[in-house]
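Input: a single structure, listed below in structure tokens.
Please read all numbers here as calculations on a predicted model, not as lab measurements. Start at 1 and go down the list; that is how both ligands and their atoms are numbered.
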Amino acid sequence: MTERTALITGAARGIGFGIGRRLARAGLQVVLVDRDGDAVAAAAETLSGEGMRARPAVVDVADFAAVQAVAAGLMAELGPIHVLVNNAGISQPRSILEISEREWDEVIAIHLKGAFNWCKALAPGMVAAAHGRIVNISSVNAHTGGGELAVSKVSYAAAKAGLLGMTRALARELAPHVCVNAICPGSIATDLTAAKIGALRDRIVGSIPLGRLGTPEDIAEVVAFLATAEPCFITGEVIDVDGGQFIN
Ligand code: NAP
């Protein structure tokens with residue numbers, strides 16, 4: 001894996017940082033992408049300090065032109081990017097009765113268009129190299145629509161479900177050398193869920209058959225499998241990583 005490079009969005013903290021650390025531990029060079037320059041620089045420094053190859057890149061994933069420019073600069077400097085993890089995201093707790101048009105657009109722009117922007121930038125290089133892996137971080141919210149124990153509501157469920165359709169379409173369009181899969185995390189302890197977990201911890205943990213909250217490492221482990229297994233014979237799949245919270 002030492003000749004491979006992975007790019008992870010939303011990687012200054014939380015699940016994205018956990019994925020970055022896990023892939024770097026597997027030997028890949030990692031590019032940590034986030035919109036907060038100081039935070040993502042500190043995250044990359046942490047991994048470098050642990051002896052891993054990590055570098056930061058600052059961009060808002062929702063900005064198409066900026067993503068294309070940053071991606072071109074990275075590829076000119078580092079060569080091909082073999083693994084893309086679309087992870088950047090925000091929560092949005094407003095229902096259809098409360099949400100504004102601006103709030104709706106922001107969620108779709110970050111979760112769904114952000115993934116499109118990075119796929120548009122990196123998929124041509126993966127196809128040309130006849131090798132690539134894309135992992136989209138969706139949510140169990142895409143199946144359930146949210147609910148009382150969930151942080152986010154309609155805009156988030158719509159964006160995350162859109163990501164699953166995009167995963168399946170790209171798996172077809174980019175075959176046979178690029179594998180595209182999605183992970184749906186359940187309740188993972190990060191800044192994004194801290195307030196909800198703080199308020200409803202016992203009920204949330206009680207809803208998880210495996211009896212604990214998820215961690216970024218739980219997600220990172222599955223990403224590492226999807227990103228590094230050779231040869232790849234899984235594509236267009238959606239894997240729930242939720243401790244059994246939404247067994248159906
Ligand atoms: P987090 O701790 O809030 O981290 C998300 C990171 O993404 C933050 O550093 C954030 O930066 C960054 N980000 C947000 N919008 C961005 C943009 N437009 N451009 C670049 N970076 C951006 O969240 P997390 O819990 O790790 O979640 C990571 C992903 O997993 C998200 O897609 C989330 O929807 C999904 N997920 C999480 C859970 C969970 O239980 N935690 C469950 C299911 C799915 P800022 O600080 O500037 O916002």
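- Atom 15 (N) of ligand 1 has its closest protein heavy atom at R35 CZ, 3.4 Å.
- Using a 4.0 Å cutoff on heavy atoms, I137 counts as a contact of ligand 1.
- At least one N or O atom of G186, backbone or side chain, sits closer than 3.5 Å to an N or O atom of ligand 1.
- At least one N or O atom of T190, backbone or side chain, sits closer than 3.5 Å to an N or O atom of ligand 1.
- Residue contact annotation: T9 has no non-hydrogen atom under 4.0 Å from ligand 1.
- At least one N or O atom of V61, backbone or side chain, sits closer than 3.5 Å to an N or O atom of ligand 1.
- Looking at ligand 1, you'll find an N or O of I15 within less than 3.5 Å of one of its N or O atoms.
- Considering Q245, R212, R201 in turn, Q245 is the only one that fulfils the side chain to side chain donor-acceptor pair (under 3.5 Å) rule with S187.
- For the pair P185 and ligand 1, the shortest N or O to N or O distance does not fall below 3.5 Å.
- Using cut-offs of 30° and 60° for the angle between ring planes, the H131 and H82 rings count as perpendicular.
- When V107, D242, N87, V151 are checked for heavy-atom proximity to atom 32 (O) of ligand 1, N87 turns out nearest.
- Salt-bridge check for R22 with E217: failed, with every basic side-chain N at 4.0 Å or more from each acidic carboxylate O.
- The shortest N/O to N/O separation between K160 and ligand 1 falls below 3.5 Å.
- When heavy-atom distances to ligand 1 are checked against a 4.0 Å cut-off, V59 comes that close only through its backbone atoms N, CA, C and O.
- Considering backbone and side-chain N/O of D60, one or more are found under 3.5 Å from N/O of ligand 1.
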